[in-house]
Engineer: 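Let me give you the structure first, and then I'll get to my questions.
Below, all heavy atoms of this structure are taken into account, side chains as well, without hydrogens, waters or symmetry copies. Chain A is the first sequence line, chain B the second, and so forth, proteins listed ahead of strands; every chain is numbered from 1.
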Amino acid sequence: MNPNVATQSKALIEDFKWRGLFSQSTDEAALIQSLAKPTTLYIGFDPTAPSLHVGNLVVLLALRRFQLAGHIPIALVGGATGLIGDPSGKSEERSLNTTDVVAAWVDRIRVQVSKYLDFNAKDNAAIVANNLDWTSPLSAIEFLRDVGKHFSVNQMLSKDSVSSRLEAGGISYTEFSYQVLQSFDFLELYRRYNCTLQLGGSDQWGNITAGLDLIRRIESGSGHALTIPLLAKADGSKFGKTAGGAIWLDPEMTSPYAFFQYWLNTDDKDVINFLKVFSFKSREEIEALEKSHAENPGAREAHRALARELTSLVHSADICERVEAAARALFGQGELSELDEATLASALAELPRTTVKNGEPIPTWVDLLAATGVVDSKSAARRIVKEGGAYLNNEKISGEDFAPSKSDFLCGKYAVLRKGKRDLAAVELL
RNA sequence: GGCGGGUUGCCCGAGCGGCCAAUGGGAGGGGACUGUAAAUCCCCCGGCUCUGCCUUCGAAGGUUCAAAUCCUUCACCCGCCA
């Protein structure tokens, strides 16, 4: 057993509070006491997309924090619950995904989640579970008799996730049942692994406490709930979303370059909070960054630290270095034409691109812009040009009919297209 | 099963036979100012072979010179009744 666990338990909770990761918990003193020895805890992730996104990272990293503190983390992938749909935090009924789709997503998410946990830890190796394993063998009759009997509809109706939906227009029996399934998960994990703590976003409180009730009723056992506030941005907009949609952890869905840029462009007002929530830096380190940020916000040291740590964690240190070097080259004060070919090539490798065959006529740059995907359509490309927001090799050029000539290709090979301040793309002459 | 309401562009939401690519708000985008930040101001925001043309208002048919707007059927959502 990790000898530090006992002394760490109070510090762990204090650290969560300081980081803004503590929304509410069941009896806090009792929780701290139970954490004095290695505790098995879990968080569930429902497969609602082919990848997790940065929003999921908040709780996933919280699970990691617990493991680092000596506890045993279970990442539960919701192969069953993902088929049902959690009404928590949703204002309307969701359409169901097919079982094939959900199964495929489960596989991908299991792999993703595993990346943040340690499965080789000596005393507290992580566990990944899928709630389909214990849900699918259960017959409807068994479920209703053995599990359903312990639930009072009155109580179920009073849960926020249900009552708000009743007011907002309605809820299906399917989604209404979600809390029962999640409770059953907690019960099963309690039985199988003596899992006594469930973490979740603050909208999960009702589901988690329902599970605790079930454990008490059936097994006369006790456990704890700890919820984490939903991450809010200073300007009120939704965290983790951009024009292009969510910021995904999957590099195929959000390129590491875009991922790094997302963090680098964090609002000043949010950056310290984000460091607390996402970073594994110590309080001292973060406070030092806070100080330097306050003194010279333009240097964006805190932003850079945030972007680096997360890109390294989610992708890799190597990839992080590459995309950062690319950004440095492309955003640098220096002339693009002064970059050597190798630097240029590796920087551009991180960007969306299109190619032109040597010898063939070079299309107008409206066509090129559209082809790289930095704009959605040729109309959009025209619009940008008209508005003076299009650049070739960092030079603003107007005129929709403009077509780059060979001499515009740096090192004879590459042209850098830019939309607005920071949306870059490459054209490669083959 | 019956009765009633609904389905409009990324989201919310007007329009209720021609003046509709469709009012307004939000989100988003560009410019200026800056620090690849925020705030602010100006502009834009279906597509294309772009002074015009094409495709959109849940789906498919129909009425009409003309439909997002009227009719029919279908799908989905919501409410109420038993």
Side-chain angles (χ1 to χ4, degrees), chain A residues 85 87 90-96 164-176 233-247 257-275 289-290 292-308 311 323-334 336 347 350-351 363-367 369-392 394-401 403 416-425:
Chain A
K90 296 276 181 298
S91 58
E92 54 184 37
E93 190 81 14
R94 291 196 266 182
S95 50
L96 297 172
S164 62
R165 279 280 295 276
L166 287 175
E167 282 161 33
I171 183 167
S172 66
Y173 182 66
T174 304
E175 288 195 11
F176 177 58
K233 290 212 304 189
D235 64 3
S237 63
K238 225 176 170 141
F239 168 76
K241 300 274 184 200
T242 63
I247 302 296
Y257 176 83
F259 188 86
F260 185 93
Q261 291 293 316
Y262 176 77
W263 297 105
L264 188 66
N265 286 315
T266 299
D267 189 326
D268 280 12
K269 295 198 285 290
D270 288 320
V271 70
I272 299 302
N273 267 344
F274 284 9
L275 276 168
L289 284 167
E290 187 169 12
S292 73
H293 173 66
E295 281 164 3
N296 185 6
R300 293 189 304 162
E301 262 184 61
H303 295 76
R304 220 171 292 280
L306 178 68
R308 272 188 199 141
T311 309
V323 298
E324 197 182 353
R328 213 170 19 239
L330 298 167
F331 280 108
Q333 291 73 14
L336 279 177
E350 311 300 333
L351 301 178
T364 65
W365 72 326
V366 163
D367 289 339
L369 276 165
T372 61
V374 284
V375 291
D376 292 330
S377 66
K378 286 186 195 176
S379 296
R382 270 200 190 90
R383 223 176 279 135
I384 293 300
V385 172
K386 203 180 304 169
E387 292 171 341
Y391 307 75
L392 173 69
N394 282 348
E395 304 239 3
K396 185 183 286 194
I397 294 184
S398 52
E400 297 176 22
D401 303 328
V416 181
L417 296 178
R418 179 153 67 94
K419 183 202 82 171
K421 264 180 249 186
R422 48 196 184 197
D423 229 346
L424 295 155

Engineer: Go through B:U36, B:G30, B:U49 for me and flag the one nearest to the A:Lys419 side chain.
Structural biologist: B:G30

Engineer: Let's test this: given Watson-Crick or G-U wobble pairing with both distances under 3.5 Å, identify the partner of B:G9.
Structural biologist: none

Engineer: Let's see if you can work this out: which of B:C48, B:U36, B:A37 has an atom nearest to the side-chain heavy atoms of A:Leu264?
Structural biologist: B:U36

Engineer: Please give the nucleotide sitting opposite B:G58 as a Watson-Crick or G-U wobble pair, both distances under 3.5 Å, or none.
Structural biologist: B:C74

Engineer: Whole angstrom is fine here: how far is it from CG in A:Asp268 over to P in B:U36?
Structural biologist: 12 Å

Engineer: Quick one: which of B:C33, B:G30, B:U36 gets closest to the side chain of A:Lys421?
Structural biologist: B:C33

Engineer: Measure from the side-chain heavy atoms of A:Ser379 and tell me the nearest of B:C43, B:G47, B:A37.
Structural biologist: B:G47

Engineer: So which nucleotide from B:U36, B:U49, B:G30 ends up closest to the side chain of A:Ile384?
Structural biologist: B:G30

Engineer: Side chain of A:Arg382 only, please: which of B:U36, B:U49, B:G29 is the nearest?
Structural biologist: B:U49

Engineer: So which nucleotide does B:C3 pair with, by the Watson-Crick or G-U wobble rule with both distances under 3.5 Å?
Structural biologist: B:G79

Engineer: B:A22 pairs with which nucleotide, Watson-Crick or G-U wobble, both distances below 3.5 Å?
Structural biologist: none

Engineer: Please give the nucleotide sitting opposite B:U69 as a Watson-Crick or G-U wobble pair, both distances under 3.5 Å, or none.
Structural biologist: none

Engineer: What is the separation between atom CZ on A:Arg328 and atom P on B:U36, rounded to the nearest whole Å?
Structural biologist: 15 Å

Engineer: Roughly how many Å is it from CG in A:Asp367 to P in B:C50, rounded to a whole number?
Structural biologist: 11 Å

Engineer: Quick check: does any side chain N or O of A:Trp365 sit under 3.5 Å from a backbone N or O of A:Ala381, one acting as donor and the other as acceptor?
Structural biologist: no

Engineer: Taking the minimum atom-to-atom distance to the side chain of A:Asp267, which one of B:A38, B:G31, B:U36 wins?
Structural biologist: B:A38

Engineer: With a 3.5 Å limit on both atom pairs, tell me what B:G17 is paired to, counting Watson-Crick and G-U wobble, or say none.
Structural biologist: none

Engineer: Of the candidate nucleotides B:G31, B:U36, B:G35, which contains the atom at the shortest distance from the side chain of A:Arg422?
Structural biologist: B:U36

Engineer: Determine which nucleotide pairs with B:A32, using a 3.5 Å limit on both distances of a Watson-Crick or G-U wobble pair.
Structural biologist: B:U40

Engineer: Nearest nucleotide by nearest heavy atom, which residue falls closer to the 5' end of RNA chain B, A:Pro297 or A:Lys378?
Structural biologist: A:Pro297

Engineer: Nearest 0.5 Å, please: how far is CD in A:Glu301 from CZ in A:Arg308?
Structural biologist: 9.0 Å

Engineer: Does the side chain of A:His303 come under 3.5 Å of the side chain of A:Asn265 through a donor N or O and an acceptor N or O?
Structural biologist: no

Engineer: Tell me: CD of A:Glu387 to C1' of B:C41, nearest whole Å?
Structural biologist: 15 Å

Engineer: Take the protein atom OH of A:Tyr262 and the nucleotide atom P of B:G28, then report the distance between them rounded to whole Å.
Structural biologist: 11 Å

